[in-house]
Chemist: 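Shown below is the structure under consideration.
Counting convention: from 1, in listed order, for ligands and their atoms alike. Here, residue 1 is the first one in the sequence, and each next residue gets the next number. Everything numeric here is computed off the predicted structure, so don't read it as measured data. Atom set for the values below is all heavy atoms of this structure, side chains included, hydrogens, waters and symmetry mates excluded.
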Amino acid sequence: MDGNRLRDEIVLNLAHIISSAGSPAVCLATVLVGDDAPSQRYVRNKHVQAAKAGMISRNEVLAADVGQAEVENVVRRLAQDPSVHGILVQSPLPAGYDEEAVLALIPADKDVDGLTLASMGRLVRGVPGLVGCTPLGVMRLLQRYGVATSGKRAVVIGRSMLVGLPLSLLLARKGVDATVTIAHSRTADLLEVCRQADIVIGAVGQAHLITAAHIKPGAAVIDVGISRTEAGIVGDVDFEAVQAVAGAITPMPGGTGPMTIACLLENTLTAARLQGAFPA
Ligand code: NAD
């Protein structure tokens, strides 16, 4: 399951939708605090892809020591600005910042990361809204590559607000209809839990936690975890060994990462629609 290829398809499709509508301005604003190198890289990529999708993007860059009040002021300004449709505060903020307090300032209809209380509530209640980019990206991969979900057993390893929990809810939703197990750091016998699954998703951040022994022959395996090692970026899945057993598998890198960006842009268009700034 090639995430780079599917990202390109999605971005091209967004560009087509926007130009067909007469190219109204659709704007994503990112807020980057501090000089963490991976965060800078992620944000840069988001802007490059936004331009390809025919969107406008703004990047508010703040020094690491700017202080909580100034970060909140910037987010408040973006929240009130009708020309901004999506707001993304790049996580993690430097140590000492109250991230929850910053998130709370993002209106649900501009919350392209799907992380606010309102967005999570909408997801649980099944009300239309914005869903986290990484979980949405996993769903797009499953759909695009024809992985059946209805009545299938899915195991999501990881229960974070960012990935594992929303993804579990999406997989169990009516219309997707998987039978979902949420595994986590206290799960007893992870190997056995995984071996029964038709779909295994690693969202932990522990290099090569998932081996060929965890995978039922033919199962679909999706790798969200990122570990930075001396050998480069490594996923939760031991790709070389698992690809011989799996029916479908994402590489790391080149799988879920590009899909997160594609779905951020998809969410930005959805946000513009929710705000009545783009035809439904
Ligand atoms: P997190 O640290 O908040 O959550 C990790 C989860 O893994 C926890 O729920 C924990 O219970 C579980 N866990 C830890 N050790 C375990 C073990 N031994 N067995 C089973 N479960 C275990 O992290 P997160 O924010 O959810 O991110 C997870 C990973 O995904 C990280 O590596 C992160 O860098 C990566 N990530 C990737 C993308 C992407 O686009 N590919 C996006 C976001 C996050």
Chemist: Mind jotting down which residue pairs meet the salt bridge (Lys or Arg N to Asp or Glu O under 4.0 Å) criterion with at least one end in residues 246-274? Sequence neighbours excluded, please.
Modeler: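 Residue pairs with at least one partner in residues 246-274: R140-E266.
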Chemist: Is I201 reachable from F239 through a run of I, L, V, M, F, W or Y residues, each pair having side-chain heavy atoms under 4.5 Å apart?
Modeler: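 F239 does not cluster with I201.
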Chemist: Mind checking what residues have non-hydrogen atoms under 4.0 angstrom from ligand 1?
Modeler: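 Near ligand 1, by chain and number: T134, I157, G158, R159, S160, L162, V163, H184, S185, A203, V204, G205, Q206, V224, G225, I226, T256, G257, T260.
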Chemist: What donor-acceptor contacts under 3.5 angstrom involve side-chain atoms of residues 158-166, with partners at least two apart or in another chain?
Modeler:
unit_1, atom_1, unit_2, atom_2, d
R159, NH1, H184, ND1, 3.4
S160, OG, L162, N, 3.4
S160, OG, V163, N, 3.0

Chemist: Using the test side-chain contact (heavy atoms from CB on, under 4.5 Å), find all partners of V245 that sit at least two apart in sequence or belong to another chain.
Modeler: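 Partners of V245 under the side-chain contact (heavy atoms from CB on, under 4.5 Å) test: A212, I215, P217.
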Chemist: Go through D81 and R58 one step at a time and tell me if the salt bridge (Lys or Arg N to Asp or Glu O under 4.0 Å) criterion holds.
Modeler: CA-CA 12 Å; D81 184 341; R58 265 162 67 174; 3.2 Å; yes
Chemist: If you look at every heavy atom in V221 and V237, which pair is closest and at what distance?
Modeler: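 Scanning both residues, the minimum pair turns out to be CG1-CG2, 3.7 Å.
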